[in-house]
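Below is one structure, written out as C-alpha cells; the observations come after it.
Since we're looking at a predicted model, the values are computed, not measured. Order of the sequence lines fixes the chain letters, A, B, ..., with proteins taken first and strands second; residue numbering starts at 1 for each chain.
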Protein chains: 2
Amino acid sequence: MSDTNTRVPSVLAHELPRPVPMDELAACPASEVFRRVGDKWSMLVVILLGGRAHRYNELHRAIEGISQRMLTRTLRGLEDDGLVWRHVHPTVPPGVEYGLTELGVSLLEPLSALADWAVRHAPEMAEARGAEAPGAETRAAEARRAEARRAEG
Amino acid sequence: MSDTNTRVPSVLAHELPRPVPMDELAACPASEVFRRVGDKWSMLVVILLGGRAHRYNELHRAIEGISQRMLTRTLRGLEDDGLVWRHVHPTVPPGVEYGLTELGVSLLEPLSALADWAVRHAPEMAEARGAEAPGAETRAAEARRAEARRAEG
DNA sequence: CAGAATCCCCCGAGATACTG
DNA sequence: CAGTATCTCGGGGGATTCTG
C-alpha cells in the first residue's frame, strides 16, 4: 500500500475516474474495516464507548439483546484492533472498564458520517423497497418486484 | 426517529455526552446500513459503479472472486435499497447495465471517508494486533495476548 | 462481577449445473 | 449474455451452564 502518511492512496476519492484499482482496495484494509463495521455489535459498542468508558455489565445492560458471549467476543475483537482499551481494577469483586483508545475515537468521525447518511436517507431507501409495513407484506413486495422484472426483461 | 430533514438526530455527533439513546440508534436505519456495508461484496460493487456504469459480466470479471450467484444477489439487494439502477437493453444477446442512483452516489462520500480512515490507520491496527506476518504466527500472537490477559486479570 | 465452555442453529456464501 | 436452481459447508451468533 506504498505511502501512508503524506499522500494517502485515497482509493475512494469519489471523483474516481479510473476503472478502480481493485488490488488497492479489495485486498486492502478497507475490506477488513468494512467487515468490522458490518458485524452485529461492534459499532454499537464503539458508539457507546464513544460517550464514556463503561464496565462490562454496564455495557451488557445498555445494549439489550447481546449475549455475554457476543459482548466478550466483540470487546476482544475491538481490543485486538487497538480500538478499545481494557482496564482491570483489582478490587474484590473485580471491576473491568472498557473505553475507546485514541484510534477508536478517531473512528467515531467517519462512522458518524455514515450513520448520519443512514438516518438522512432512510426514508428514500424505505420508499425504494416498497415502503409498506414489514412482515408478510415484504414478501409480497419482493414477489411483485421479481415479477415486474420478469415482465420487463 | 422524529424529524428527519431539518434537524437530523445526529445520534453520533462524536461529542455525544448523553448515555446514548439506544432506541434511536440500535433499531434505527444505521444498523441496516452498517450491515450492508459489512457484507462481502456490496460496497465493492458500489465503488465500481461509482466510477461508471457496468454490465453484468463486466462486473463479474472486474471483481474476481465473486460467484454469479453472489453478484446477482448483491445487485438485487442494492437495487432493492434504491442504491443501484438496472437497465435492460432489448438487444439480441441481452445486455444489462447497472449503475448508481443518485442515492447510491450520495453514499459514496461517507463511504470514502470510512475507507480513507481504514487506509490511514491500517498500520496502527496492524501494530495493535501484533504486526507479525499472518498465518500461524497470528494464533501464537492471540495465545500470547490471552495469556497476558490471564496474568494481568 | 466478568467472564469461559459448551451446544446448537441458521444463513452467508461458494461450487456446480442448467437456461431463455 | 445474464442470469436461475440446488447442494453444501463454515462460521456468526444465541442460549445455557459453570467459575475465579
Output for pair (A:D116 CG, A:L111 CG), nearest 0.5 Å, gives 10.0 Å
Hey, is the side chain of B:R86 poking within less than 4.0 Å of OP1 or OP2 on D:dA2, counting only N and O atoms? no
Does A:Y98 have a side-chain nitrogen or oxygen under 4.0 Å from the phosphate oxygens OP1 or OP2 of C:dC1? no
Within the 4.0 Å heavy-atom criterion, would you say A:R69 contacts the bases, only the backbone, or no part of the nucleic acid? base
Heavy atoms, side chains only, cut-off 4.5 Å: are A:V96 and A:H87 in contact? no
OP1 or OP2 of C:dA13 sitting under 4.0 Å from any side-chain N/O of B:R73? no
Would you say that A:E58 contacts A:L48 through its side chain, given a criterion of any heavy-atom pair below 4.5 Å between the two side chains? no
Distance, rounded to the nearest Å, where A:K40 contributes NZ and D:dG11 contributes P: 19 Å
Quick one: B:H60 NE2 to C:dG14 P, roughly how many Å, whole number? 10 Å
Does the A:S42 side chain pair with the main chain of A:D39, one donor and one acceptor, at a distance under 3.5 Å? no
Quick one: A:M70 CE to C:dA2 P, roughly how many Å, whole number? 19 Å
As a test of reading the structure: which of C:dA2, D:dC1, D:dG13 is closest to the side chain of B:P94, going by heavy atoms? D:dC1
For DNA chain D, whose closest nucleotide is more 5', that of B:G95 or that of A:W41? B:G95
